[in-house]
Amino acid sequence: MDADVATGGPGAGDPPRGPLTGLSERPDHARPGAPAAPDWLALREPADAEARAIDLVEDLRAGHPAPGRILDLGAGTGAMARWLASRMPGPQHWVLVDRDTDLLAHARTRLPATARDGSPVTAETRVLDIAALTADDLADVDLVTASALLDVLTADEVDAIAAACVGAGCAALLTLSVVGQVRLEPSEPRDLAFGAAFDAHQQRPVGGRHLLGPTAAAAAEAAFTRRGAHVRSRASPWQLGLDDVDLAVAWLLGWVAAAVAQDPDLARHADAYLDRRLEAAEQGRLRVTVGHLDLLALP
């Protein structure tokens, strides 16, 4: 998930005051590797909706006008389905897949009731091992979707998704994969060091799995193209400003925490850096751009 700060903890929208010695004041979502939780996902949902490349949905409608049965990988609380269901025509049945049953409990009851043309939208939830996905799992699926998922997968897992989709002849819309492009304004010299450490953290080995991090979107594009799919991609950056202070603060805390976890030498600079950045955010002076890529693969 985006920024590998997948959980929103208490105080996610309330910037800490004073020193942040050892980052001990950071909210739960800032712990590297923490699981996703509804408050962080809710906090980021408006920015995600604003960032996703709507022109790829237009391409999807043109090339695959009535998706019917849709499998949403890493569905979380159902934000992708909430965003896309009302933008696509025809009856839709969403299969919301995640390993976290608590998140799925939020998802099923919060989908729109109708599609773009007034057709019914229904849903079910399923716990499924994404790493074991095969074409047989997609035999009756018309479209696979995911949001902020690819960057926490491995090369083999991304390749398996592409193989399953192409093998089953279904389309795929995979959005908001981070690409390692972060810009903070006003800039500071230490931005580059924290950014590089964060990118390295996203590509670290976890439990024998080597995460793709910011290389995931390119890996997915190559995997689908290699199998003959027609692939289109578009930039989908978060652009956070005065109206997004809570999200910018939550993201910043997690970004710095992950960077320090990867490069402990940065800890001696982290508190002062965060103090300056959080003050700028509180004063409405901080602008944050977080690069993502959306990908559409059509059979």
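Put simply, CG on Asp100 and OG1 on Thr125 are 11.5 Å apart, with the number rounded to the nearest 0.5 Å. The CG atom of Leu73 sits 10.5 Å away from atom CE of Met80, with the distance rounded to the nearest 0.5 Å.
Listed here is the closest heavy atom pair of Ala219 and Val158: C-CG1, 4.2 Å. Scanning both residues, Leu293 and Ala235, for their nearest heavy atoms gives CD1-N, 3.9 Å. Taking all atoms of both residues into account, the shortest heavy-atom contact from Ala171 to Leu298 is CB-CD2, 3.8 Å. Closest approach of Leu211 and Asp151 over heavy atoms only: CB-O, 4.2 Å. Considering all non-hydrogen atoms of both residues, Ala47 and Leu247 come closest at CB-CD2, 3.4 Å.
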For salt bridge (charged side-chain N to carboxylate O under 4.0 Å, His left out), just list the numbers for Glu58 and Arg87, CA-CA rounded to whole Å, side-chain angles, deciding distance to a tenth of an Å, and then say yes or no. CA-CA 9 Å; Glu58 295 167 0; Arg87 290 172 167 81; over 6 Å; no

Show, in sequence, the C-alpha distance, side-chain angles and deciding distance for His210 and Thr154, and conclude whether the side chain to side chain donor-acceptor pair (under 3.5 Å) test is met. CA-CA 6 Å; His210 197 100; Thr154 68; over 6 Å; no

Residue pair Asp244, Trp238: steps toward the side chain to side chain donor-acceptor pair (under 3.5 Å) verdict: CA-CA 10 Å; Asp244 312 288; Trp238 277 357; over 6 Å; no

Go through it in stages, so that I can follow the logic: the residues are Thr175 and Arg52, the test is side chain to side chain donor-acceptor pair (under 3.5 Å), and I'd like the CA-CA distance, side-chain angles, deciding distance and then a yes or no. CA-CA 7 Å; Thr175 69; Arg52 289 191 188 97; 3.3 Å; yes

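Under the ring pair (Phe, Tyr, Trp, His ring centres under 6.0 Å) criterion, Phe194 pairs with Tyr273, sequence neighbours left out.
In the hydrophobic cluster analysis, where Ile, Leu, Val, Met, Phe, Trp and Tyr join through side-chain heavy atoms closer than 4.5 angstrom, Val166 is grouped together with Leu71.
Just one of Val144, Thr145, Leu173 meets the side chain to side chain contact (heavy atoms under 4.5 Å, CB included) condition when paired with Ile70; it is Thr145.
Within the 4.5 Å cutoff, the side chain of Gln202 has heavy atoms near those of the Val178 side chain. Between Arg116 and Arg61, the closest side-chain pair of non-hydrogen atoms falls below 4.5 Å. Side-chain contact between Leu240 and Leu286: absent, with no pair of heavy atoms (C-beta onward) separated by less than 4.5 Å. Residues Arg190 and His269 form a side-chain contact, since some pair of their non-hydrogen atoms from C-beta on lies under 4.5 Å apart.
In this structure, a donor-acceptor pair under 3.5 Å is absent between the side chains of Asp136 and Thr134. Side-chain contact, His93 with Thr122: a donor N or O sits under 3.5 Å from an acceptor N or O.
Classification of Asp294 and Arg232 as a salt-bridged pair fails, no side-chain N sitting under 4.0 Å from a carboxylate O. Look at Glu157 and Arg209 and you find a salt bridge, because one of the NZ, NE, NH1 or NH2 atoms lies within 4.0 Å of a carboxylate O, short of that distance.
Distance alone, capped at 3.5 Å, is enough to place a donor-acceptor pair between the His292 side chain and the Val290 backbone.
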